[in-house]
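Worth saying up front: this structure is predicted, and the values here are computed from it rather than measured.
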Amino acid sequence: MARRKLPIGIQTFAKIRLEGHYYVDKTPLIARLADQGGAYFLSRPRRFGKSLLLDTIACAFEGKRQLFDAHDGADGTAPRDKLFLADHWDWAKPHPVIRLSFAEGRLEKRNELDRHIRRQLREQAQRLGVALEDPDDIPGSFAELITRAAETHHRQAVVLVDEYDKPILDNLEAPEIARAMREGLRNLYSVIKGRDADLRFVLLTGVSKFSKVSIFSGLNNLRDITLSPEYGTLCGYTEEDIDTVFAPELEAAAAEGQALDREEIRRWYNGYRWGPVSVYNPFDVLLLLAERQFRAHWFETGTPTFLVHWLRGKGFFTPRLERLLAEEDLLSAFDVDDIAVEAMLWQTGYLTIQRVENCGGLLSYELGVPNREVRGALNRALLYFGWYPAEQRQLLQPRALYQMLLQADTDGLRAHFERLYASIPHDWVRANPIAQYEGYYASVFYSHLASLGLDIVPEEVSNPGQCDLVIRHAGRAWVIEFKVIDGDAPTGEAMRQLKARDYAAKHRGAPGIHEVIELGVEFSPTKRQIVGWEVVRG
């Protein structure tokens, strides 16, 4: 199979098909959506291909069959394979497509949002050959655009909205502005239900699942397919996609002496799950194939400083990133004035669904970090922007920490963490009640280790109870227990609990483990420091 161009940053379906880029065929799922008809909502994290999905749907409804058919490249354009939709679509009936997008730029005032909406409605009306009587009336113009487009083209209209929520998300740090944006968007979207007779298909995409009461007031005909099992792979690449569509890139990398380990690709970028099949982050995969370096490509495109400061303000226990339980309603509890931590982390892509449990019709979800990229990069951000001022960040020394773990240097490890706890500003500790509790010390400890992307299991459940932290690295299992004690003298309680409950038992003799290190760590809240450090090797 011949190599093609990598569609990095390309969101235009025609450009991908005409210029010879790789394309993962999602059109079987598009055909299913269209056959079922109706109005849909889909939430996915940023850079997961939502814009390309909408553009592909638009091209289908506009009747651009040539983009879906095979082409031999005889006219000088790039050859392309036939897509599923080429033979599974009614090409004789094109529909007028109304496209709105909030993906570009940042709107910081309500009047900017209204102006942006009016401009888009005006442009769509001109493109579809219809006139709007009162362009200043946003809901009136939108309703008029839908009805007149259907009348003019003698077909029901299609409405596609890209990043429907971005004006709100961009202003979460300024709640008054965010609320104003929410009202402006509700003013727009409320039109859709009343024009049902003139609509063939509607799809709104975005990052967040704002509660229907807050932004979709009255739009109760909108079907949320975010967690529909049949559409779990609508965005993102599957294992099969990597091994088939991108096989030429993997073969080329190996032939050029830069082989990409398939299991390492999986550990770094797979693990996102909205249905029974997990998917890869497409942005990461494309940049990995282009640069052949394992890096936090997706995370680096937008360091979530707001999210980091928000988590710190919530006193979030960071080891919960590895295992967090949430009910279905909680994942949708997202509004300007009421954002659940679980909802924020899941919807933005920093947590994903690991397991679903159905308890008599009530769905419960186990959430966790999807992969090595997110685990390492998010915890580095928490360290850099959450706990340590810029002048103290040189103390983090990730390379030195990695070597200490590699060499099982427990004395060096203790000295390293003592320096780190001592460097956290006293004003920060004094202002945060969580600093008096075990969770704070465990959070700092966990985030330092997790920033290396290690195999970490916090609060590992075993028969005797829960161990605070387990690290598997370089053939060793580190089994760690934390205790916050009264006073400044070590009590030995952390190690006594490790021994009494024998948390290490399940790791002795486990495949790939040649040594188990039990570590009991005790903290003094008055000293804000480690005061007990006991090690037992076995």
Cys235 side chain near Leu42 side chain, heavy-atom distance below 4.5 Å: yes
Testing Tyr23, Phe246, Tyr280 one by one against Tyr237 for a ring pair (Phe, Tyr, Trp, His ring centres under 6.0 Å), which residue passes? Phe246
Taking every non-hydrogen atom, the tightest pair across Tyr164 and Gly206: CD2-CA, 3.8 Å
With Pro370 via side-chain contact (heavy atoms from CB on, under 4.5 Å) - residues at least two apart: Tyr272, Thr352, Val374
Go through the side-chain N and O atoms of Thr238 and Thr233 and say whether any donor and acceptor fall under 3.5 Å apart. no
Heavy atoms, side chains only, cut-off 4.5 Å: are Arg32 and Leu29 in contact? yes
Once the angle between the rings of Phe48 and Trp274 is folded into 0 to 90°, is it parallel (under 30°), tilted (30 to 60°) or perpendicular (over 60°)? perpendicular
Check ring pair (Phe, Tyr, Trp, His ring centres under 6.0 Å) between Phe445 and all other residues, then give those that pass, not counting sequence neighbours. Phe417, Phe482
Work out which heavy atom in Pro525 is nearest to a heavy atom in Val484; give both atom names and the distance. CD-CG1, 3.7 Å
Determine whether Arg375 and Glu322 satisfy the following criterion, salt bridge (Lys or Arg N to Asp or Glu O under 4.0 Å), listing intermediate values before the conclusion. CA-CA 9 Å; Arg375 176 179 293 108; Glu322 300 291 340; 2.7 Å; yes
Measure the spacing between CG of Leu204 and CG of Asp224 and express it to the nearest 0.5 Å. 11.0 Å
Measuring from atom CG of Leu287 to atom CZ of Arg295, what distance do you get when rounded to the nearest 0.5 angstrom? 8.5 Å
Could you work out, with side-chain contact (heavy atoms from CB on, under 4.5 Å) as the rule, every residue matching Asp243, not counting sequence neighbours? Arg262
So Val536 and Lys499, do their side chains get closer than 4.5 Å, heavy atoms only? yes
Parallel, tilted or perpendicular, judged at 30° and 60°: which one describes the rings of Tyr402 and His473? perpendicular
Of the options Leu324, Leu345, Leu321, which is the one that meets Leu367 in a side-chain contact (heavy atoms from CB on, under 4.5 Å)? Leu324
Ion pair Arg508/Asp502, N-O distance below 4.0 Å: yes
Might you work through the side-chain contact (heavy atoms from CB on, under 4.5 Å) test for Leu172 and Ile339, ending with a clear yes or no? CA-CA 10 Å; Leu172 283 179; Ile339 306 174; 4.1 Å; yes
Within the structure provided, determine whether Tyr269 and Glu373 are in side-chain contact (heavy-atom separation under 4.5 Å). yes
How about Asp468 and Tyr446: do any of their side-chain heavy atoms sit closer than 4.5 Å? no
When you check the gap from the basic side-chain N to the acidic O, do Lys483 and Glu522 get nearer than 4.0 Å? no
When you look at CD of Glu515, are more than 12 heavy atoms from neighbouring residues, nucleotides or ligands closer to it than 6.0 Å? yes
Trp533 (side chain) donor-acceptor with Asp411 (main chain) under 3.5 angstrom: no
Does atom CD (Glu104) have a neighbourhood of more than 12 heavy atoms from anything else shown, all under 6.0 Å? no
Under a 4.5 Å cut-off applied to non-hydrogen side-chain atoms, are Tyr503 and Glu518 in contact? no
Does Ser451 have any side-chain hydrogen bond (donor to acceptor under 3.5 Å, both in side chains) partners at least two apart in sequence or in another chain, and if so, which? none
Just distance, no hydrogens or angles: give the donor-acceptor pairs under 3.5 Å from side chains in residues 247-256, sequence neighbours left out.
{"unit_1": "Glu249", "atom_1": "OE1", "unit_2": "Arg3", "atom_2": "NH2", "d": "3.0"}
{"unit_1": "Glu249", "atom_1": "OE2", "unit_2": "Arg3", "atom_2": "NE", "d": "3.1"}
{"unit_1": "Glu249", "atom_1": "OE2", "unit_2": "Tyr22", "atom_2": "OH", "d": "2.7"}
{"unit_1": "Glu256", "atom_1": "OE1", "unit_2": "Arg292", "atom_2": "NH1", "d": "2.5"}
{"unit_1": "Glu256", "atom_1": "OE1", "unit_2": "Arg292", "atom_2": "NH2", "d": "3.2"}

Non-neighbouring partners of Arg372 that pass salt bridge (Lys or Arg N to Asp or Glu O under 4.0 Å), sequence neighbours left out: Glu264
